[in-house]
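To keep things clear, I will list the structure first and then write my remarks on it.
Quick note: residue numbers are just sequence positions, from 1. Just so it is clear, the values below take in all heavy atoms, side chains as well, and ignore hydrogens, waters and symmetry mates.
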Amino acid sequence: MEVTIQLEIPHRQLELFGPADSHLRLLRTALGVQITARQHNLIIKGPEENVKVTAEVIEKMQKHLLKRHTLTAADVTALITGPPAFLRKQESGSDAFDTGPGIALGSYKKVIEPSTKGQQKYIETMLANDLTFCIGPAGTGKTYLAVAVAVSMLKKKQIRRIVLARPAVEAGEKLGFLPGDLQAKVNPYLRPLFDALEDTMDFAQMRKLMELDIIEIIPLAFMRGRTLNDSVIICDEAQNTSPMQMLMVLTRLGRGSKMIINGDITQIDLEGDRKSGMVEAIETLRRIKGIGYVELTQRDIVRHRLVQNIVQAYKKKTAGQKTEN
């Protein structure tokens with residue numbers, strides 16, 4: 001069997017391979033495989049099970065290097081002798097949470113991986129479906145993990161473009177006249193998308209990709225009339241779309257693309273009694289094959305510990321008011 005692995009951290013290749021490729025030699029000897037390095041790829045040849053285990057160990061080596069900023073021969077030996085994921089699951093025989101492989105990005109900050117069962121399901125659903133709806137309260141990683149998946153797919157050349165869109169709806173306050181050009185006017189609405197993106201790549205790389213239109217961060221209205229092929233399209237704060245806007249967004253999906261629709265349907269900022277386009281779309285489409293649906297809860301909140309308590313307190317208050325009425 002032969003497998004080619006694209007390195008997620010090519011800029012740290014020397015540390016990964018070890019002095020004079022000593023880490024690769026350890027893998028070859030211990031696991032009985034051939035490993036050849038070509039540019040930013042590793043080619044593994046050997047018996048099927050050995051190749052699978054070697055690929056898993058290399059993935060763990062990359063994650064270890066990103067997390068700990070160092071990788072020694074002892075670390076590699078420990079990763080080789082530890083049981084691989086499929087054996088851990090067989091041995092445990094339980095539903096204990098295993099975050100899986102995570103999303104190993106060549107980030108200058110950290111490895112991005114799910115922290116809860118809900119987040120793990122969210123990632124699996126995004127990867128398995130061309131269209132995914134995700135609802136949940138603030139702090140559950142709806143936008144952050146969607147951006148991480150998109151960047152990971154872009155780095156692996158599985159897509160050619162990332163499009164991040166958001167409706168320009170004010171959250172319960174009137175901002176009035178905003179000075180500056182169009183970009184300056186819409187930037188406040190798009191800032192959360194910039195924040196998520198900046199955590200997955202360095203600023204210079206992000207700016208370069210944006211200048212080349214490989215990454216677009218745009219207001220929702222700018223998607224009208226387009227067909228987006230070979231892209232990941234993320235619609236953030238989608239609870240604030242009208243039914244017509246949501247239909248417009250959904251019909252932008254082109255060949256080889258994925259679309260992720262995120263929102264918190266308890267925080268709808270539309271004026272009057274206007275129905276949320278996201279709520280209507282979920283009601284209409286959730287049983288169609290190829291469309292995924294994930295609901296994150298307060299248990300999936302990964303911000304400051306107080307955020308979970310705040311969300312719970314407001315939820316209880318709202319439930320009490322409904323009971324009184």
Worked check of side-chain contact (heavy atoms from CB on, under 4.5 Å) between Leu16 and Gln62: CA-CA 7 Å; Leu16 184 68; Gln62 295 189 86; 3.9 Å; yes
Evaluation steps, side-chain contact (heavy atoms from CB on, under 4.5 Å), between Ile218 and Arg226: CA-CA 13 Å; Ile218 57 175; Arg226 302 176 65 183; 3.8 Å; yes
CA sep, side-chain torsions, deciding dist, call: Tyr293, Ile135, side-chain contact (heavy atoms from CB on, under 4.5 Å): CA-CA 8 Å; Tyr293 171 78; Ile135 64 171; 3.3 Å; yes
side-chain contact (heavy atoms from CB on, under 4.5 Å) assessment of Ile43 paired with Glu2: CA-CA 7 Å; Ile43 301 170; Glu2 178 178 320; 3.7 Å; yes
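When side chains are defined from C-beta on, Ile44 counts as touching Ile5, because their heavy atoms get closer than 4.5 Å. Contact check for Gln298 versus Ile301: side-chain heavy atoms found under the 4.5 Å cut-off. Between Thr143 and Arg166 the shortest side-chain heavy-atom distance does not fall below 4.5 Å. Side-chain contact check for Thr241 versus Ile261: every heavy-atom pair is 4.5 Å or farther apart. A 4.5 Å side-chain heavy-atom check between Leu220 and Val249 finds at least one atom pair inside the cut-off. With contacts defined as side-chain heavy-atom distances shorter than 4.5 Å, the pair Leu197/Ile215 qualifies. In this structure, Leu131 and Ile288 have side chains that are not in contact, with every pair of non-hydrogen atoms separated by 4.5 Å or more. Put simply, the side chain of Ile162 does not reach to within 4.5 Å of the side chain of Leu209, judged on heavy atoms.
Side-chain atoms of Thr297 come within 3.5 Å of backbone atoms of Arg299 as a donor-acceptor pair (strictly under, hydrogens ignored). Side-chain atoms of Gln239 come within 3.5 Å of backbone atoms of Gln267 as a donor-acceptor pair (strictly under, hydrogens ignored). Without hydrogens or angle criteria, Asp300 side chain to Thr140 main chain gives no donor-acceptor distance under 3.5 Å. With Thr54 contributing its side chain and Lys52 its backbone, the two residues share no donor-acceptor pair below 3.5 Å. Looking only at distances, a side-chain donor or acceptor of Thr251 sits under 3.5 Å from a matching main-chain atom of Met248. Remark: side-chain polar atoms of His64 are not paired, donor with acceptor, to backbone N or O of Glu59 under 3.5 angstrom. Between the side chain of Thr77 and the backbone N or O of Ala73 there is at least one donor-acceptor pair closer than 3.5 Å. Arg25 places a side-chain N or O within donor-acceptor distance of the main-chain N or O of Ala20, the cut-off being under 3.5 Å. Checked by atom type and distance alone, the side chain of Lys142 pairs as donor or acceptor with a backbone atom of Pro137 at under 3.5 Å. Counting only distance, with no hydrogens or angles, the side chain of Lys275 and the backbone of Pro243 share no donor-acceptor pair below 3.5 Å.
Taking all atoms of both residues into account, the shortest heavy-atom contact from Leu31 to Val53 is CD2-CG1, 4.1 Å. Here the closest heavy-atom approach between residue Ala281 and residue Leu250 is recorded as CB-CD1, 4.2 Å. Across every non-hydrogen atom of Arg160 and Asn229, the tightest pair is NH2-O, 4.1 Å. Here the shortest heavy-atom pairing between Ile260 and Ala146 reads CG2-CB, 4.0 Å. Annotation for Thr125 and Thr132: closest pair O-OG1, 3.5 Å, computed over non-hydrogen atoms. Across every non-hydrogen atom of Met1 and Val51, the tightest pair is O-CG2, 3.8 Å.
With values rounded to the nearest 0.5 angstrom, Asp230 atom CG is found 10.0 Å from Met153 atom CE. To the nearest 0.5 Å, the span separating CD1 on Ile35 from NE2 on His23 amounts to 12.0 Å. Note that the CD atom of Glu280 and the CG atom of Leu285 stand 9.0 Å from one another [nearest 0.5 Å]. The CG atom of Asp236 sits 11.0 Å away from atom CG of Asp264, with the distance rounded to the nearest 0.5 Å. Separation of atoms CD (Gln245) and CG (Leu270) is listed at 8.0 Å; rounding is to 0.5 Å. Rounding to the nearest 0.5 angstrom, the gap separating the CG atom in Leu145 from the CD atom in Gln119 is 5.0 Å.
The stretch residues 252-263 participates, sequence neighbours left out, in these side-chain hydrogen bond (donor to acceptor under 3.5 Å, both in side chains) pairs: Tyr122-Asn262.
Gln13 and Glu15 are not linked by any side-chain donor-acceptor pair at a separation below 3.5 angstrom, with hydrogens and angles left out of the test. Looking only at atom types and distance, the side chain of Asn41 has no donor-acceptor partner in the side chain of Thr4 under 3.5 Å away.
With hydrophobic clusters built from ILVMFWY side chains whose heavy atoms lie under 4.5 angstrom apart, Leu212 shares a cluster with Val151. By the rule that hydrophobic residues join a cluster once side-chain heavy atoms approach within less than 4.5 Å of another member, Ile268 and Leu247 end up as members of separate clusters.
Lys60 and Glu56 are joined by a salt bridge, as a carboxylate oxygen and a charged side-chain nitrogen come within less than 4.0 angstrom of each other.
Residues passing the side chain to side chain donor-acceptor pair (under 3.5 Å) test with Thr227: none are found, sequence neighbours excluded.
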